[in-house]
Amino acid sequence: MPMKKFLSAILSLTLAVSAVCPAFTVKAATYAEQLKNSGFPDSYIESLVKLHAEYPNWEFKPFVTGLSFASAVSGERSSHRKQILEKGYNNKYYCSCSKCKKNGSFVYQYSGCYSASEFAVEYYMDPRNWLDEKHIFQFESNKYNSAHTQSGVEAIIKNTWMKNANITYLDTSGNSVTLKSASGNKIKYSQAVMESAKAHNISAYYIASRIVKEVGSANPTASGTAGNKSPFLGMYNYYSIGATSGGMSGLEWASGFLLASSDTKLYSSYNSNTKKAGGTVTSIKSGQRMSFIANCGDYYKVKLYSDSGSYSTNGAVGYVPVSKLRTTYFTYSRPWTNPYKTIYGGAWYISDKYLAYQYTTYLEKFNVNKSSGTLYDHEYMQNVDAPSTESVSKYNAYKNAGQLKNSKTFYIPVFYNMPSDTSTAVATTSSKVSGLKVSGTSVNSITLKWNKVSGATKYRIKVKNLTKGNTFSKTVTTHSAKLRGLTKGHLYQIRVRAYTGGSWGKYSAAVKARCKPSKAKVKSVSAAGRGKIKTVWKKTKGAAGYQIVYAHDSAFKDVAARKLVKKTAFTGKGFTKGHTYYVKVRAYIKFRGKKYYGKFSKVKAVTVK
């Protein structure tokens with residue numbers, strides 16, 4: 001090629017490249033400038049530009065709080081009981097002030113939960129720690145999104161008992177019922193979520209994520225899902241609303257705090273023909289608490305119980321005139337006497353109470369919206385990790401439904417005087433499961449528990465039968481499980497790993513356990529005549545026999561006798577009168593010629609006649 005033409009070609013190529021490259025540079029710089037001009041600080045920009053490059057239809061809006069970051073953290077920690085984390089995190093994530101740590105041990109604020117440290121609150125409150133594709137959904141609006149689908153809801157609830165399931169529940173009379181629509185069609189849990197979301201202008205994916213966070217176990221055994229917790233039989237609370245002191249207080253909230261508004265009568269029967277109550281009449285005082293059972297014309301069928309807190313019942317069931325009852329709290333579809341009512345009514349409650357000012361999951365936990373009038377208060381949850389874990393659930397729903405790249409709007413809080421360094425340390429020592437241990441065995445089951453892993457949405461249990469050689473796996477959403485259908489006498493090796501951030505972590509250290517009898521339970525120990533001790537215990541499933549041990553001291557260092565028996569009662573002889581003896585029992589099985597013992601019962605003491 002002649003030199004002139006060659007130089008001309010090079011010049012043309014150079015001009016073409018220079019014409020293209022600046023366009024890309026300007027575009028990237030322009031978006032970063034747009035973010036800065038909209039109110040985002042420099043420390044937000046890099047992460048948001050990266051997200052925009054992957055998801056150009058996502059819109060990021062600064063939620064300018066007008067608060068310094070330090071004052072917001074201090075305001076949130078004004079009550080340490082309001083900022084908690086479950087057991088299983090690195091110790092620096094727990095508060096060690098004199099009220100939260102005593103005698104070298106952290107104090108439980110609620111069952112299995114300690115107060116979060118200032119470091120932990122800073123970590124979870126700093127929005128810059130969560131500007132990735134999975135955790136940014138805590139800043140998405142929780143208002144209704146017509147793009148949400150029932151299959152997306154199913155993706156969120158897939159590790160729970162609700163997966164692709166029709167709503168079946170226990171009613172207030174203890175009967176199993178399958179819910180049907182007016183046209184006679186069965187109703188799925190995911191359908192109930194979708195209908196509730198549309199009715200109350202709230203995100204279906206948010207509702208599903210909230211339910212999974214609160215009660216989303218593999219089986220409906222929690223207080224809010226079981227329907228069998230007396231005196232609130234047939235009551236449900238999938239959102240744990242009002243559960244200030246545990247599941248029972250949540251059920252009382254769901255039942256509508258029904259009580260007698262004045263002195264009145266409880267009737268033992270009701271005639272549906274005359275629509276009158278009669279039978280035995282019992283006087284009840286104003287303020288008597290009761291749980292709703294059924295609506296019978298001008299009467300409610302109810303069950304009485306004691307004051308809030310103990311929830312003990314005297315067993316009285318009957319009919320009380322509605323005019324004599326306080327029904328002020330029969331709001332948001334309460335009483336929640338079936339799963340549909342709690343899903344629907346809970347969505348209504350959250351929409352009514354939170355969507356105006358706390359319209360993201362972040363704001364529901366950390367209320368830094370001055371306009372709400374309840375700054376640092378009126379917060380839906382107490383766990384500081386709730387927004388980040390629920391965010392992953394929403395991300396997975398969008399991903400499984402193929403909707404990640406659709407238009408979405410995120411309202412990301414901005415504080416002034418934010419720290420120059422963000423805390424990017426993992427909240428737990430690692431994503432590897434720790435603390436795995438066997439908490440119980442029976443002849444065909446093994447019960448396990450382990451420390452919770454922050455951000456984990458599920459756990460996989462790998463089980464190897466060391467006796468037979470075969471393996472199997474089981475996936476759960478809680479940090480405990482019961483393996484059923486195992487073989488008597490067989491030895492098993494078990495490991496667990498957690499699913500966090502879209503991937504599985506490493507398996508835990510293994511534990512071994514043998515299927516053997518569960519812990520024996522002694523019913524009675526008594527002196528039975530001259531020098532005799534009679535012991536009676538409950539039958540243990542699958543046991544071949546029992547060992548009964550007598551001792552002179554409660555530590556069983558000085559054993560007086562051991563006996564093997566087949567029955568569930570035994571009278572020992574030859575004991576010294578006037579002396580006190582200590583007794584315990586354990587069951588055993590026989591496998592391949594060997595005896596394998598379960599745990600000993602509680603020790604009982606008896607003085608010989």
Side-chain angles (χ1 to χ4, degrees), residues 39-44 47 61-102 105-110 112-131 135-136 138-139 244-245 353-354 356-391 410-428 454-455:
F40 281 113
D42 290 341
S43 55
Y44 286 68
S47 297
K61 293 186 176 182
F63 176 78
V64 181
T65 64
L67 303 167
S68 74
F69 186 69
S71 66
V73 170
S74 177
E76 286 291 335
R77 297 191 74 236
S78 59
S79 171
H80 290 190
R81 282 177 60 84
K82 290 171 57 180
Q83 310 297 330
I84 62 174
L85 277 170
E86 291 187 40
K87 182 180 178 181
Y89 290 74
N90 187 301
N91 282 351
K92 69 179 179 179
Y93 283 80
Y94 299 125
C95 182
S96 56
C97 74
S98 59
K99 292 183 178 180
C100 298
K101 189 175 184 180
K102 296 181 180 180
S105 299
F106 295 108
V107 177
Y108 281 124
Q109 301 299 335
Y110 301 97
C113 295
Y114 302 131
S115 290
S117 66
E118 182 178 36
F119 172 83
V121 176
E122 288 176 344
Y123 171 72
Y124 284 104
M125 281 191 71
D126 191 336
R128 298 170 298 178
N129 289 330
W130 311 108
L131 300 182
H135 295 98
I136 196 169
Q138 63 189 282
F139 308 120
T244 55
S245 59
K353 298 292 184 181
Y354 292 93
Y357 299 105
Q358 293 165 265
Y359 44 82
T360 68
T361 307
Y362 179 96
L363 290 174
E364 280 191 354
K365 172 65 200 94
F366 305 113
N367 184 9
V368 291
N369 189 344
K370 288 181 177 181
S371 300
S372 68
T374 53
L375 192 65
Y376 313 132
D377 200 3
H378 190 255
E379 293 175 346
Y380 187 91
M381 64 282 266
Q382 293 167 304
N383 278 65
V384 294
D385 69 347
S388 60
T389 56
E390 289 183 31
S391 181
F410 302 92
Y411 300 88
I412 305 170
V414 172
F415 304 87
Y416 65 85
N417 291 338
M418 296 190 74
S420 57
D421 296 327
T422 60
S423 175
T424 55
V426 179
T428 51
S454 177

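Remember, predicted model here, so these are calculated numbers, not experimental data. In this chain, residues are counted from 1 in sequence order.
Remark: side-chain polar atoms of Asn129 are paired, donor with acceptor, to backbone N or O of Tyr123 under 3.5 angstrom. Remark: side-chain polar atoms of Ser47 are not paired, donor with acceptor, to backbone N or O of Tyr44 under 3.5 angstrom. Checking side-chain atoms of Asn367 against main-chain N and O of Thr374 turns up a donor-acceptor pair under 3.5 Å. For the pair Gln358 (side chain) and Tyr380 (backbone), a donor-acceptor distance under 3.5 Å is absent. Judged purely by atom type and a 3.5 angstrom limit, Thr65 uses its side chain to pair as donor or acceptor with the backbone of Val414.
Within the 4.5 Å cutoff, the side chain of Lys92 has no heavy atoms near those of the Ser117 side chain. Counting only heavy atoms from C-beta outward, the side chains of Val368 and Met125 approach each other to under 4.5 Å. In this structure, the side chains of Pro413 and Phe139 come closer than 4.5 Å at one or more pairs of heavy atoms. Side-chain contact between Lys82 and Asp377 is present, with at least one heavy-atom pair separated by less than 4.5 Å. Using a 4.5 Å heavy-atom threshold, the side chains of Leu131 and Ile412 count as touching. Annotation: side chain of Met381 is in contact with side chain of Glu364 (closest heavy-atom distance under 4.5 Å). Using a 4.5 Å heavy-atom threshold, the side chains of Leu67 and Tyr376 count as touching. Taking the side chain as every heavy atom from C-beta outward, Tyr124 and Tyr362 never approach each other to under 4.5 Å.
With rounding to the nearest 0.5 Å, the separation of CZ in Arg77 from CD in Glu122 is 8.5 Å. Note that OH of Tyr94 is 8.5 Å distant from SG of Cys113, once rounded to the nearest 0.5 Å. The CZ atom of Phe40 sits 10.5 Å away from atom NZ of Lys61, with the distance rounded to the nearest 0.5 Å. Here the OG atom belonging to Ser96 is positioned 14.0 Å from the NZ atom belonging to Lys102, to the nearest 0.5 angstrom. Rounding to the nearest 0.5 Å places CD1 of Ile136 at 5.0 Å from CZ of Phe410.
Closest heavy-atom contact between Thr361 and Pro387: CG2-CA, 3.8 Å. Taking all atoms of both residues into account, the shortest heavy-atom contact from Phe366 to Val384 is CZ-O, 4.0 Å. The heavy-atom pair separating Gln109 from Arg81 by the smallest distance is OE1-CG, 3.0 Å. Closest approach of Cys95 and Cys100 over heavy atoms only: O-CB, 3.4 Å. Residues Tyr354 and Glu379 come closest through the heavy atom pair OH-C, 3.9 Å. Summarising the geometry of His378 relative to Lys353, their closest heavy-atom pair is CE1-O, 2.9 Å, with the distance given to 0.1 Å.
Environment of NZ in Lys101: crowded, with over 12 heavy atoms of neighbouring residues, nucleotides or ligands closer than 6.0 Å.
Residues Tyr110 and Gln382 bring a donor and an acceptor atom of their side chains to less than 3.5 Å of each other.
Residue pairs meeting the ring-ring contact (aromatic ring centres under 6.0 Å, His included) criterion with at least one member in residues 61-83, sequence neighbours excluded, are Phe69-Phe415.
Residues that satisfy the side-chain contact (heavy atoms from CB on, under 4.5 Å) test with Ser371, not counting sequence neighbours, are Tyr357, Asn369.
A distance below 6.0 Å separates the ring centres of Tyr114 and Tyr108.
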